[in-house]
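Some notes on the structure that comes next.
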Amino acid sequence: MSLLPTATVATIARHVGQRVTLAGWVYHKTEKGKLIFILLRDGSGTIQCVTFKKNVSEATFATAQALTQESSCRITGTVRADERAPGGYELDVEEVELIGASHDYPITPKEHGVEFLMAHRHLWVRSSKQHAILRIRAEVIAAAQEWLNEQGFIRFDTPILTATAAEGTTNLFATDYFDLGKAYLAQTGQLYVEAGMMAFGRVYCFGPTFRAEKSKTRRHLTEFWMIEPEVAFADHEDNMRLQEQFVSAIVGRVLDRRREDLKVLERDTTMLEQVVPPFPRITYDQAIELIAHHQGEVEGADPLPWGEDFGAPHETLIASKFDRPVFVERFPSAVKAFYMQPDPNRPEVALCADLLAPEGYGEIIGGSQRIHDPALLEQRIHEHGLRIEDYEWYLDLRRYGTVPHSGFGMGIERVVAWLTGTRHIRETIPFPRQLYRIYP
RNA sequence: UCCCCAAUAGCUCAAUGGUAGAGCAGCUGACUGUUAAUCAGCGGGUUCCUGGUUCGAAUCCAGGUUGGGGAGCCA
């Protein structure tokens with residue numbers, strides 16, 4: 001006999017009038033003498049199971065009475081529509097089978113502090129809001145991959161253990177690698193995905209990336225997931241067009257398919273509805289002017305001299321002037337990675353762009369056209385104090401049929417934080433890895 | 001790494017130098033339509049640690065620990 005239930009809560013409307021078995025966990029229970037309401041959670045949703053004493057055996061009623069929060073059980077009964085039931089449907093209980101008891105479940109329906117919830121993250125993910133956020137995370141990931149697949153991209157997986165730093169030696173997690181010395185956890189798949197681009201034309205990598213930055217903010221994790229498309233024969237303009245279509249497609253699909261979850265999160269979606277191409281674009285130079293012009297509007301967003309990178313308050317200030325994500329393009333090369341193509345008309349700036357999310361959620365994408373000239377790339381490697389021998393394979397990509405190409409990386413957690421209206425990024429991944437927390 | 005803030009019951013908090021309390025959770029009982037039910041009762045404390053000031057410290061002081069918010073860096 002299968003243990004699988006005959007129905008799930010998500011599709012319960014199809015079973016009205018039928019006798020079904022649901023399997024799940026007790027989310028909440030209310031006893032009223034000869035009547036017990038069990039709110040059952042099966043992963044797909046929650047449903048009220050009404051147990052009348054006169055309708056069930058004494059043993060079944062006793063089992064129902066003994067259920068505690070998060071006890072697992074199988075409940076059999078008849079589905080009926082009832083406007084008094086949350087969600088409109090309920091189960092008229094006939095049998096209750098306890099699977100696994102739960103005693104003193106720590107997370108009660110009341111309020112809890114951050115420390116307590118983070119220490120119980122393995123249980124917290126059962127709660128309705130966490131459930132909604134993580135469902136939207138799954139939708140963002142599925143939407144991103146499926147959209148790229150439809151555009152002819154090939155998923156090209158890049159290594160997590162790498163021999164050298166992609167963008168510099170600092171901020172890397174190191175581990176011993178047998179007799180070959182140190183290996184480092186990848187902080188990006190970018191360099192390797194360029195090899196894939198040369199093989200397939202359009203590729204993307206998707207996986208966890210690691211940064212040993214001692215960041216202690218609501219926008220940072222030491223382990224986060226990034227999707228990085230790379231396109232051959234694409235220039236900086238093509239790159240931005242791809243990004244605005246990509247992001248719009250993801251937002252559109254979440255609005256389309258995860259409306260209920262957004263409602264659970266009480267997310268105001270008016271800003272999200274406006275996310276359609278084209279996105280506004282300003283240059284770094286214009287951004288510097290904008291910051292100076294709106295001095296004092298956002299705390300910490302003080303005017304910057306040309307050549308300095310923005311801080312979080314500057315990004316918030318810039319984004320607040322637009323009703324959809326905004327590109328800031330052509331940053332000074334000096335503050336950006338070594339592989340970015342210089343602007344032919346102004347070599348001191350790079351053909352790159354950051355995409356800033358509205359409502360203060362910060363940078364969600366960083367991208368650029370890459371240097372395709374082998375001599376220039378070699379020069380930049382030297383200028384950044386990197387060892388040329390570590391990058392011979394990367395230089396090979398320019399020695400054998402080089403082409404202008406562009407790509408970008410999108411941080412999944414920041415996108416999820418933005419779409420769900422989650423203030424802190426730690427709730428957008430099942431088990432966040434942070435500076436001072438690696439358990440559970 | 002730097003700046004700011006906090007730590008009291010299982011949880012969320014109160015008690016501003018004078019007998020440590022409430023709500024929720026838990027347990028017992030009542031209740032046939034609850035939506036975080038309601039009502040009655042019960043149990044629950046190394047006030048983060050170490051030291052100091054004081055007749056007296058949860059409260060004031062010093063150091064430490066842990067956590068939170070922010071900065072820098074970045075997606």
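Every chain is numbered from 1, with letters handed out A, B, ... down the list of sequences.
- Distance noted for atom C1' between B:rA58 and B:rA40: 33 Å (whole Å).
- Rounded to whole Å, atom C1' of B:rU34 lies 20 Å from atom OH of A:Y89.
- Side-chain to base pairing of A:T108 with B:rC24: no donor and acceptor N or O lie closer than 3.5 Å to each other.
- With sequence neighbours excluded, no residue forms a salt bridge (Lys or Arg N to Asp or Glu O under 4.0 Å) with A:R135.
- Residue pairs meeting the salt bridge (Lys or Arg N to Asp or Glu O under 4.0 Å) criterion with at least one member in residues 117-132 of chain A, sequence neighbours excluded: A:E70-A:R126.
- Of the candidate nucleotides B:rU34, B:rC11, B:rA71, B:rA71 has the atom nearest to the side chain of A:A312.
- Donor-acceptor pairing under 3.5 Å, judged by distance alone, is absent between the side chain of A:Q69 and the base of B:rG26.
- The nearest heavy atom of RNA chain B to A:E115 and to A:V335 marks one nucleotide each, and the one closer to the 5' end goes with A:E115.
- A:W147 pairs by the ring pair (Phe, Tyr, Trp, His ring centres under 6.0 Å) definition with A:F246, not counting sequence neighbours.
- Contact check of residues 354-370 of chain A against RNA chain B (heavy atom, cut-off under 4.0 Å) returns A:E363, A:I364, A:I365, A:G366.
- Not a single donor-acceptor pair under 3.5 Å links the side chain of A:T21 to the backbone N or O of A:I75.
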Show me the donor-acceptor pairs within less than 3.5 Å that the side chains of residues 29-36 of chain A make with the rest of the protein, sequence neighbours left out.
| residue | atom | partner | partner atom | Å |
| --- | --- | --- | --- | --- |
| A:K29 | NZ | A:Q65 | O | 2.5 |
| A:K29 | NZ | A:L67 | O | 2.8 |
| A:E31 | OE1 | A:Q65 | NE2 | 3.4 |

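- Within the 3.5 Å criterion, the main-chain N or O of A:T8 finds no donor-acceptor partner in the side chain of A:S44.
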*Paired and unpaired positions of RNA chain B as dot-bracket, Watson-Crick or G-U wobble under 3.5 Å, | denoting a partner strand*: (((((((..((((....[..)))).(((((.......))))).....(((((..]....))))))))))))....
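- Within residues 217-225 of chain A, the residues that have a heavy atom under 4.0 Å from RNA chain B are, in order of number, A:T217, A:R218, A:R219, A:H220, A:L221, A:F224.
- A:R426 is linked by a salt bridge (Lys or Arg N to Asp or Glu O under 4.0 Å) to nothing, counting only residues two or more places apart in sequence or in another chain.
- In this structure, A:K53 and A:M226 both approach RNA chain B, and ranking their closest nucleotides by distance from the 5' end singles out A:K53.
- The distance from atom NE2 of A:H424 to atom P of B:rG69 is 5 Å, rounded to the nearest whole Å.
- You won't find any donor-acceptor pair under 3.5 Å spanning the side chain of A:K216 and the base of B:rG72, going by distance alone.
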Extract from the structure each pairing of a protein N or O with an N or O of nucleotides 27-31 of chain B at less than 3.5 Å, listing the distance.
| residue | atom | partner | partner atom | Å |
| --- | --- | --- | --- | --- |
| B:rC31 | N3 | A:G33 | N | 3.3 |
| B:rC31 | N4 | A:G33 | N | 3.4 |

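- Residues from residues 430-440 of chain A placing a heavy atom under 4.0 Å of any atom in RNA chain B, listed by number, are A:Y436, A:R437.
- Between the side chains of A:H236 and A:E329, at least one donor N or O lies within less than 3.5 Å of an accepting N or O.
- Between A:E348 and A:R330, no side-chain nitrogen of the basic residue sits less than 4.0 Å from a carboxylate oxygen of the acidic one, so the salt-bridge criterion is not met.
- For the salt bridge (Lys or Arg N to Asp or Glu O under 4.0 Å) condition, the pairs that include at least one residue of residues 356-371 of chain A, sequence neighbours left out, are A:E230-A:R370, A:R267-A:E359.
- Legend: residues meeting salt bridge (Lys or Arg N to Asp or Glu O under 4.0 Å) with A:D323, ordered by chain and number and at least two apart, are absent.
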